[in-house]
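Input: a single structure, listed below in structure tokens.
A note on names: the letters A, B, ... follow the listed sequences, proteins ahead of strands, and every chain is numbered from 1. Because the structure is predicted, anything quoted here is derived from the model rather than measured.
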2 protein chains.
Amino acid sequence: MREILYGRNAVLESLRAGRRKPYKVMLAEGVRQTDIVGQIVFLAEQAGVSVNRTERRNLDRLGKVHHQGVALETSAYPYSALDDILALAQSHDEAPLLLLLDLLQDPQNAGSLLRTAEAVGAHGVVVQRRRAVGITPAVVHASAGAVEYLLTAQVTNLVNAIGRLKAHDVWVVGLEAVRDAQLYHEADLTGPLALVVGSEGQGLRQLVRERCDFLVGLPMQGKVTSLNAAVAGSIVLYEAWRQRQADE
Amino acid sequence: MREILYGRNAVLESLRAGRRKPYKVMLAEGVRQTDIVGQIVFLAEQAGVSVNRTERRNLDRLGKVHHQGVALETSAYPYSALDDILALAQSHDEAPLLLLLDLLQDPQNAGSLLRTAEAVGAHGVVVQRRRAVGITPAVVHASAGAVEYLLTAQVTNLVNAIGRLKAHDVWVVGLEAVRDAQLYHEADLTGPLALVVGSEGQGLRQLVRERCDFLVGLPMQGKVTSLNAAVAGSIVLYEAWRQRQADE
């Protein structure tokens, strides 16, 4: 199966990461020759991939969001296995740090959150195959291409995946601002850890919440009592990373 | 000037905050009767505002994003003055905490970030009138209605506003991961503070950066070297709030 990635960062990072087979770069006629476009052309030529100039309206048809004049036809997203993620942590001699998405569906939010996961060096991400977002071109775009480097496992059942992580001594932490949640900056996030972020509006499914070892929440003092899911998840990921660095 | 807000949280919080004059609630026929919809109808009746049932396609015409079957015709967003924001901090006997948006244009990002600002009790937000996002219905929606409570000042020139804040002894901190930036969690964010967040991709304008008292950045260890602007700004706002609470 082929996909068409779009947007400058998405295309550049996909070529740079080199995990997919690229087939064709498309540049809109008259696209501004920025550094990034120059790098894209260079990497495409190095990989023996053709660079086609095309009318802008051909790119306009690809998707709703800004393609910025650049697209890449490529092989499908290379999903990993859960074991690959744990093996990566082990090979770096680090305590595993994973992000689990429980039915998060908005590509913009998923992409923003995965971008943060890549930035803090998370070893991987787990998403459920059904009723949750996959790593679509929209997610790649929203992540500014970061998911091209991240190991992402797509599983049939997130609850089973949690069970497997616990069998590997990973602590599973649900993000939810409920009464028995610990404050995120007071919880110990230094060990092997999987952070579970729920969907906008619904939060975690009960079955998922019950399997968590503990819950963390963000304090809030305003009138509106929830944060954007990507923002909340990112804040906890950064706190986990900060604690780990202080711990070293 | 009238506006049409859409989305359950946006409409509910606008009615609850009570800072705008509401004219008419529109509910799509067959809309699911959630708690929120019930509260909207209750608040509308209390305010003497008519609740009109309408065909869903009439709401579909309002905008591209999900209206969730609910819209509200209302007066324009009630902008505040910079002095109102400083007066609010003073009336609470708190060190001012402000968020300044430098040419941030994406409504989704702006809304997510303003939602965080409201959650941490920021006293207000400053945006430039031109070349930056205003508080449009899309921003209200993306903020889950939080901006209905926030004081937001729209200024002609952000650089001048920075000057006025400095004259009031507010420290102006730019968010930018450059070499001479302090790590956000090592910087002292407890005093009177205005955090400036730049646009996606471009960051801060040079003129703005030069007026900042200091810069803070987020450490990153991945291959992709930037975060979503709403995520990065939110992480620093939470750190500022955490430090303030620890300081009390």
Output, in order, the C-alpha distance, side-chain angles, deciding distance and verdict of side-chain contact (heavy atoms from CB on, under 4.5 Å) for Trp241(B) and Gln221(A). CA-CA 10 Å; Trp241(B) 190 37; Gln221(A) 74 171 49; 3.0 Å; yes
Give a yes or no on this: more than 12 heavy atoms of other residues, nucleotides or ligands lie within 6.0 Å of atom [atom1] of [X].
X: Gln202(B); atom1: CD; value: no
X: Phe42(A); atom1: CZ; value: no
X: Gln182(A); atom1: CD; value: yes

At what distance, to the nearest 0.5 angstrom, does CG of Asn9(B) lie from OG1 of Thr225(A)?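 One finds 8.5 Å between CG of Asn9(B) and OG1 of Thr225(A).
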Keeping to residues at least two apart or across chains, list the salt bridge (Lys or Arg N to Asp or Glu O under 4.0 Å) pairs with something in residues 214-240 of chain B.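 Sorted pair list: Glu239(B)-Arg242(B).
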So, for Ala146(A) and Val224(B), which heavy atoms are closest and what is the spacing to 0.1 Å?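 Between these two residues, the closest heavy atoms are CA-CG2, 3.6 Å.
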Test salt bridge (Lys or Arg N to Asp or Glu O under 4.0 Å) applied to Arg16(B) - qualifying residues, sequence neighbours left out: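 By the salt bridge (Lys or Arg N to Asp or Glu O under 4.0 Å) rule, Arg16(B) matches Glu13(B).
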Looking at His185(A), Gln245(A), Glu118(A), Glu148(A), which makes the most heavy-atom pairs under 4.5 Å with chain B?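 Answer, by heavy-atom pair count under 4.5 Å with chain B: Glu118(A).
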Name the option with the most non-hydrogen atom pairs under 4.5 Å to chain A; the candidates are Ala117(B), Pro219(B), Ala142(B), Ser234(B).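 Of the options given, most contacts go to Pro219(B).
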Check Leu227(B), Val236(B), Val231(B) against Tyr238(A) for a side-chain contact (heavy atoms from CB on, under 4.5 Å) and give me the one that passes.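 The residue from Leu227(B), Val236(B), Val231(B) that satisfies side-chain contact (heavy atoms from CB on, under 4.5 Å) with Tyr238(A) turns out to be Leu227(B).
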